[in-house]
Amino acid sequence: MLHTEFSSNVAHLEASATLALAARARKLKAEGVPVIDLSAGEPQYPAPRFAARAGIRAVEAGKTGYPPTLGLPELREAIARYLSETTTAGEVDPGSVIVGAGVKQSLFNCCYALFGAGDEVLMPSPYWPSYPAIVRLAGADPVVVETGWDAGFLPSVADLEAARTGRTRGLLLNSPGNPTGAVIPRGLLRDILRWAERHGIWVLSDEIYRRLAYGQPSPSVFDITERGERTVLLDGMSKAFCMPGFRIGYAVGPHELIRKMSDLQGQTTSGAVGPSQYAAAAALGESGAREAFITNLLSRLTGLRKLGLAGFAEIDSIEAMPPDGALYFYGRLTDPSSTSLDIAERLLVDASVACMPGEPFGSPGHLRFNFAVERDVLEKGLTRIADFFG
């Protein structure tokens, strides 16, 4: 059997834990096991019809050639208008926008362009598991900034300052957060951006869940007038527009950085899928239909959030923190004798419920459940979880 010596670039790279567990749940379902899958990091609903039709029309019209590396001009313009309409940034320049194959690619390109050997990038925990992997692929070192349940999983400026060294070059923020649903309040976000600018630190703000907030809106870095020049906004179509399979994300930042990201993307993937870009341009550009879709989605998710919190309140073994945004219940196990990895495995095997353990998020002792599913699916899942814990 061939034994391959891999390069140092990927020798320690591990598969995405979230994708691996979701794939295992799908495999069991294909084998006939009645799995309730609450592990996926995506809404389980169709894309907006008006957006899907735009993609279909593009294919039918023969618009299937190589798209520009930076993204279709009409999509970059739609993104700029969307941000101008949904934040207080004022007029956003389309020249500051680059489109990628999902937010993950945009984040990778950004990190690869900005960070390298010897650099440190701060990331509050719990964090999306791809963050440390992407930072390491760029050659830099991820530095985890612990947050706690009692603090609502929010980092303070003091926490960040305690983790800062002379090597600190970047900070990854995610609000609303995956897996916790925590939303960074406007005042705290302003203070963090001021702190970062003072120390010459790049802030990469992953705002993929920004429009999915319950109660108060989730502020964007583009809502903060005091944000510095080293601020990059990342967003995409996968969550608020239920378009994960279209693979469209984007980054908005300084022109010099966007040009360098374009150079990198041009030597790797080139432009994101053309028909998907036309669909995304329609989703973002038709403001009336866009806002109606998000309003309806939020209404649906608000009901599921209420249902799930009521269900978890009856389960003594899990304490679920009410999420202020995103798609997840993040619960801590009240029995410290079992690891969340063990519990997630037993839930899948014994109760046919798939969820994510906290370990990949840097937060052992917790479980993440996606509630953006059909109502009857969530109800069945809650019943099985309650029966499992007895």
Side-chain angles (χ1 to χ4, degrees), residues 67-115 121 128 131 134 170-176 184 186 189-190 192-193 196-197 201-212 217-241 243 246-266 269 271-272 276-277 280-281 283-285 287 290 294:
T69 300
L70 280 167
L72 294 172
E74 49 265 63
L75 176 54
R76 297 171 73 205
E77 291 167 5
I79 290 167
R81 284 196 306 272
Y82 170 67
L83 291 173
S84 296
E85 292 167 0
T86 62
T87 72
T88 60
E91 186 173 350
V92 176
D93 179 9
S96 66
V97 177
I98 183 170
V99 177
V103 177
K104 190 179 291 188
Q105 185 194 18
S106 297
L107 178 61
F108 172 84
N109 289 351
C110 191
C111 287
Y112 206 79
L114 288 175
F115 311 130
V121 181
W128 183 41
Y131 288 163
I134 287 173
L171 166 65
L172 289 179
L173 294 179
N174 180 210
S175 177
I184 300 176
R186 182 185 296 266
L189 183 59
R190 180 195 63 233
I192 289 174
L193 292 177
E197 177 66 11
I201 294 170
W202 283 90
V203 176
L204 312 185
S205 180
D206 180 352
E207 301 184 5
I208 191 66
Y209 298 99
R210 175 174 67 93
R211 301 301 306 278
L212 302 181
S218 178
S220 165
V221 290
F222 275 26
D223 289 318
I224 309 300
T225 56
E226 296 95 331
R227 70 180 183 277
E229 295 180 351
R230 298 178 183 84
T231 302
V232 183
L233 180 151
L234 299 120
D235 201 346
M237 308 306 296
S238 59
K239 314 302 181 183
F241 297 96
M243 296 170 66
F246 287 71
R247 306 311 303 134
I248 296 294
Y250 54 86
V252 188
H255 284 212
E256 187 177 6
L257 171 61
I258 296 303
R259 284 195 298 271
K260 188 56 66 175
M261 291 172 65
S262 178
D263 293 342
L264 174 61
Q265 191 161 296
T269 61
S276 291
Q277 292 198 53
L284 294 174
S287 58
R290 176 193 77 207
I294 293 176

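What you see below is based on every heavy atom in this structure, not just the backbone, and it leaves out hydrogens, waters and symmetry mates.
- Looking at Ser287 and Glu85, their side chains come closer than 4.5 Å, going by heavy atoms from C-beta outward.
- Contact check for Leu70 versus Arg76: side-chain heavy atoms found under the 4.5 Å cut-off.
- When all heavy atoms of Leu204 and Cys110 are compared, the pair lying nearest together is CD2-SG, 3.6 Å.
- Between Gln265 and Gly271, the shortest heavy-atom distance links the atoms NE2-CA, 4.4 Å.
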Tell me, with the steps shown, if Lys239 and Tyr209 meet side chain to side chain contact (heavy atoms under 4.5 Å, CB included).
CA-CA 6 Å; Lys239 314 302 181 183; Tyr209 298 99; 3.4 Å; yes
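- Between Pro176 and Leu212 the shortest side-chain heavy-atom distance does not fall below 4.5 Å.
- A 6.0 Å sphere centred on CD of Glu226 holds more than 12 heavy atoms belonging to other residues, nucleotides or ligands.
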Sequence neighbours excluded and cut-off under 3.5 Å, please list the side-chain donor-acceptor pairs for residues 95-105, or say none.
| unit_1 | atom_1 | unit_2 | atom_2 | d |
| --- | --- | --- | --- | --- |
| Ser96 | OG | Asp93 | O | 2.6 |
| Gln105 | OE1 | Ala101 | N | 2.6 |
| Gln105 | NE2 | Thr269 | OG1 | 2.6 |

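- Two residues are said to be in side-chain contact when any heavy atoms from C-beta on lie closer than 4.5 Å; Met261 and Leu257 meet this criterion.
- Heavy atoms of other residues, nucleotides or ligands lying less than 6.0 angstrom from CZ of Phe108 number more than 12.
- What you find for Ile248 and Ala280 is that their closest heavy atoms are CG2-CB, 4.0 Å.
- For the pair Cys111/Leu107, a side-chain contact is recorded, criterion being any heavy-atom separation below 4.5 Å from C-beta on.
- Shortest non-hydrogen contact noted between Val232 and Pro254 is CG2-CD, 4.4 Å.
- Nearest heavy-atom pair, Ile184 versus Ser175, reported as atom, atom and distance to 0.1 Å: N-OG, 2.8 Å.
- Rounding to the nearest 0.5 Å places CG of Asp206 at 6.0 Å from CG of Leu234.
- Residues Leu171 and Ile201 come closest through the heavy atom pair N-CG2, 3.9 Å.
- Side chains of Glu207 and Val221 form a contact here, defined as non-hydrogen atoms less than 4.5 Å apart.
- Side-chain N/O atoms of Asp235 and Tyr82 include no donor and acceptor closer than 3.5 Å.
- To the nearest 0.5 Å, atoms OG (Ser262) and CG (Asn109) are separated by 9.5 Å.
- When side chains are defined from C-beta on, Tyr131 counts as touching Asn174, because their heavy atoms get closer than 4.5 Å.
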Start with the C-alpha gap between Glu197 and Thr231, add the side-chain angles, then the distance that decides, and say whether side chain to side chain contact (heavy atoms under 4.5 Å, CB included) holds.
CA-CA 9 Å; Glu197 177 66 11; Thr231 302; 5.9 Å; no
Which is it for Ile134 and Phe115 under the side chain to side chain contact (heavy atoms under 4.5 Å, CB included) test, yes or no, and what are the steps along the way?
CA-CA 11 Å; Ile134 287 173; Phe115 311 130; over 6 Å; no
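- A search for salt bridge (Lys or Arg N to Asp or Glu O under 4.0 Å) contacts involving Glu74 returns nothing, not counting sequence neighbours.
- With sequence neighbours left out, the side-chain contact (heavy atoms from CB on, under 4.5 Å) criterion links Phe222 to Leu83, Thr87, Ala89, Val92, Ser220, Arg227, Leu233, Val252.
- No side-chain heavy atom of Arg186 sits under 4.5 Å from any side-chain heavy atom of Arg190.
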